[in-house]
Amino acid sequence: MNCIQRAYRRYILHRHSIPHSEWAAVIEPMAVFSGLSAVEKAHLRELASVFLYHKTIDGAGISITPPMALTIAALACLPVLKLGIGLLTGWRYILIYPDAFYVKRAQTDAYGVVHPQARILSGEAWQNGPVILSWADIHYDVSNPHSGQNVVIHEIAHKLDMLNGRANGMPPLHTCMIITEWTAAFSQAYQALQTSLNHHHHTAINPYAASDPAECFAVCSEYFFCAPAILHQYFPELYRQLQLYYRQDPLLRQN
Ligand SMILES: [Zn+2]
């Protein structure tokens with residue numbers, strides 16, 4: 001960040017910081033933030049303030065109250081707490097539906113045949129476009145903090161993945177990270193999930209992770225922050241890769 005950007009950031013924080021009492025009322029009851037140090041919480045509040053300044057959160061058939069916006073901002077900024085808010089630039093809009101939403105899209109297969117597809121979604125992230133979320137799902141995730149589900153973190157993981165092109169399960173890795181180690185850890189988990197599904201066995205984590213490498217990264221990111229013990233128990237190497245990527249250790253702080 002250069003000095004002009006730093007001055008602009010200071011201006012935003014001076015004029016538009018989230019009031020401390022409103023911030024504490026939202027994040028203190030949420031288990032996903034427990035274990036963060038006072039310094040980390042203060043930094044997260046700064047990131048969330050900048051996030052809310054730059055993003056437009058609109059409701060479609062639902063009014064977005066300040067605590068709702070704060071909840072979304074705090075969850076969206078948790079993955080970039082040690083990476084910087086700069087990774088969440090290049091898009092502006094967040095659209096909130098009251099509940100899961102219906103989409104109808106045409107999918108083209110490897111042979112060029114177009115298949116119309118209808119799906120019910122709890123969230124969606126567009127390349128260079130908006131993030132779309134279901135408030136009912138956000139509310140469920142906050143109320144069931146150890147389920148390993150968090151639609152906001154899921155869609156933000158997709159946004160991070162899209163920083164180097166179409167989401168494929170590999171965001172731009174830090175220079176200290178080894179691509180083959182990342183690939184091996186994710187491939188091993190992906191194969192294990194596929195094998196469980198093929199044998200109609202219970203999967204260690206949400207089986208949606210086995211639908212696509214991009215979904216594997218997004219679902220594992222949810223577990224990393226919300227149910228780190230489960231992810232670490234079943235896929236310790238994958239946990240270590242996410243620890244290196246996000247530069248956080250939720251398992252350590254939640255113990
Ligand atoms: Zn997804």
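For reference, positions follow the sequence shown, starting with 1. None of these values were measured; they are calculated from a predicted model.
In this structure, A227 and G148 approach most closely via the heavy-atom pair CB-CA, 3.8 Å. Smallest separation of non-hydrogen atoms from L81 and L36: CD2-CD2, 3.9 Å. Residues I156 and P79 share a closest heavy-atom pair of CG2-CG, 4.0 Å. Across P207 and L197, no two heavy atoms sit closer than the pair CB-CD2, 3.8 Å. In terms of heavy atoms, S196 sits closest to T203 at CB-CG2, 3.7 Å. In terms of heavy-atom proximity, G61 sits nearest to P98 at O-CG, 3.7 Å.
For the atom pair NE2 (H154) and CG (N206), the distance works out to 9.0 Å, reported to the nearest 0.5 Å. W182 CH2 to H174 NE2: the interatomic distance, rounded to the nearest 0.5 Å, is 8.5 Å. In this structure, the separation between CG on N198 and CD on Q191 is 9.5 Å, given to the nearest 0.5 Å. Put simply, CG on L75 and CD on E222 are 11.0 Å apart, with the number rounded to the nearest 0.5 Å. In this structure, NE2 in H232 is found 11.5 Å from CG in L242, a value given to the nearest 0.5 Å. Atom NE2 of residue H201 and atom CG of residue L193 lie 13.5 Å apart, to the nearest 0.5 angstrom.
For the pair I85/L88, a side-chain contact is recorded, criterion being any heavy-atom separation below 4.5 Å from C-beta on. Using a 4.5 Å heavy-atom cutoff, the side chains of L163 and P172 are in contact. The shortest side-chain heavy-atom distance between S134 and L121 does not fall under the 4.5 Å cut-off. Counting only heavy atoms from C-beta outward, the side chains of D58 and I64 never approach each other to under 4.5 Å. C220 places a side-chain heavy atom less than 4.5 Å from the side chain of I205. Looking only at side-chain heavy atoms (C-beta outward), L70 and F51 stay at 4.5 Å or farther from each other. In this structure, P145 and F225 have side chains that are not in contact, with every pair of non-hydrogen atoms separated by 4.5 Å or more. Between T56 and I94 there is no side-chain heavy-atom pair separated by less than 4.5 Å.
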- Task: Go through E40 and R253 one step at a time and tell me if the salt bridge (Lys or Arg N to Asp or Glu O under 4.0 Å) criterion holds.
- Result: CA-CA 12 Å; E40 287 170 328; R253 69 180 177 232; 5.0 Å; no
- Task: Might you work through the side-chain contact (heavy atoms from CB on, under 4.5 Å) test for L87 and L160, ending with a clear yes or no?
- Result: CA-CA 7 Å; L87 296 192; L160 296 173; 3.8 Å; yes
- Message: What verdict does the side-chain contact (heavy atoms from CB on, under 4.5 Å) test give for F217 and M170, after you've listed the backbone C-alpha separation in whole Å, the side-chain angles of each residue and the deciding distance to 0.1 Å?
- Response: CA-CA 7 Å; F217 169 62; M170 189 188 286; over 6 Å; no
- Would you check, one step at a time, whether the test side-chain contact (heavy atoms from CB on, under 4.5 Å) holds for V131 with L95? CA-CA 6 Å; V131 167; L95 182 64; over 6 Å; no
- Message: Using the rule given for salt bridge (Lys or Arg N to Asp or Glu O under 4.0 Å), can you reason through R105 versus E124, listing the C-alpha separation, both sets of side-chain angles and the distance that settles it, and then say yes or no?
- Response: CA-CA 13 Å; R105 302 263 159 71; E124 193 174 32; 2.4 Å; yes
- Message: Working note: M177 + Y245, criterion side-chain contact (heavy atoms from CB on, under 4.5 Å); need CA distance, chi angles, decisive distance, verdict.
- Response: CA-CA 8 Å; M177 296 179 69; Y245 174 66; 4.0 Å; yes
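With a 6.0 Å radius and a threshold of 12 heavy atoms from other residues, nucleotides or ligands, H115 has its NE2 atom above the threshold. Applying the 6.0 Å contact sphere to CD1 of I120 captures more than 12 heavy atoms from other residues, nucleotides or ligands. Within 6.0 Å of OH in Y53 there are more than 12 heavy atoms belonging to other residues, nucleotides or ligands. No more than 12 heavy atoms of other residues, nucleotides or ligands sit less than 6.0 Å from atom CD of Q188. No more than 12 heavy atoms of other residues, nucleotides or ligands shown are found within 6.0 angstrom of NE2 on H199.
Judged by distance alone, the side chain of N150 and the main-chain N or O of I153 form a donor-acceptor pair under 3.5 Å. Looking only at distances, a side-chain donor or acceptor of Q127 sits under 3.5 Å from a matching main-chain atom of M162. Side-chain atoms of H139 do not come within 3.5 Å of backbone N or O of W135 as any donor-acceptor pair. For the pair K41 (side chain) and I27 (backbone), a donor-acceptor distance under 3.5 Å is absent. Between the D161 side chain and the G169 main chain, a donor and an acceptor come within less than 3.5 Å of each other. Remark: side-chain polar atoms of S49 are paired, donor with acceptor, to backbone N or O of I18 under 3.5 angstrom. Between the side chain of T89 and the backbone N or O of G86, at least one donor-acceptor pair lies under 3.5 Å. Using a distance-only test at 3.5 Å, with no hydrogens or angles considered, no donor-acceptor pair links the side chain of Q241 to the main chain of L238. Looking at K159, its side chain does come within 3.5 Å of a backbone N or O of W126 through a donor-acceptor pair. When atom types are taken as modelled, the side chain of Q248 and the backbone of L78 share a donor-acceptor pair closer than 3.5 angstrom.
Ring orientation note: the planes of Y246 and F224 are close to parallel, at an angle under 30° on the 30°/60° scale. Below 30°, between 30° and 60°, or above 60°: for F33 and W23 the angle between ring planes is between 30° and 60°, a tilted geometry.
Look at R9 and E46 and you find no salt bridge, because none of the NZ, NE, NH1 or NH2 atoms lies under 4.0 Å from a carboxylate O.
Side-chain contact annotation: D249 with Y239, donor-acceptor N/O pair under 3.5 Å present. Side-chain atoms of H158 and E215 include a donor-acceptor pair closer than 3.5 Å. Between the side chains of S147 and N144, no donor-acceptor pair is found at a separation under 3.5 Å.
Aromatic ring centres of Y97 and F101: separated by under 6.0 Å.
In the hydrophobic cluster analysis, where Ile, Leu, Val, Met, Phe, Trp and Tyr join through side-chain heavy atoms closer than 4.5 angstrom, L52 is grouped together with V26. Taken together through direct or relayed side-chain contacts under 4.5 Å among Ile, Leu, Val, Met, Phe, Trp and Tyr, I96 and Y140 form parts of separate hydrophobic clusters. Linking Ile, Leu, Val, Met, Phe, Trp and Tyr whenever their side-chain heavy atoms come within less than 4.5 Å leaves I57 and I132 in two separate clusters. V39 and V32 fall into different hydrophobic clusters, where Ile, Leu, Val, Met, Phe, Trp and Tyr residues are linked whenever their side-chain heavy atoms come under 4.5 Å apart, directly or through other members. There is a path of hydrophobic side-chain contacts, each under 4.5 Å, that joins W91 to V50.
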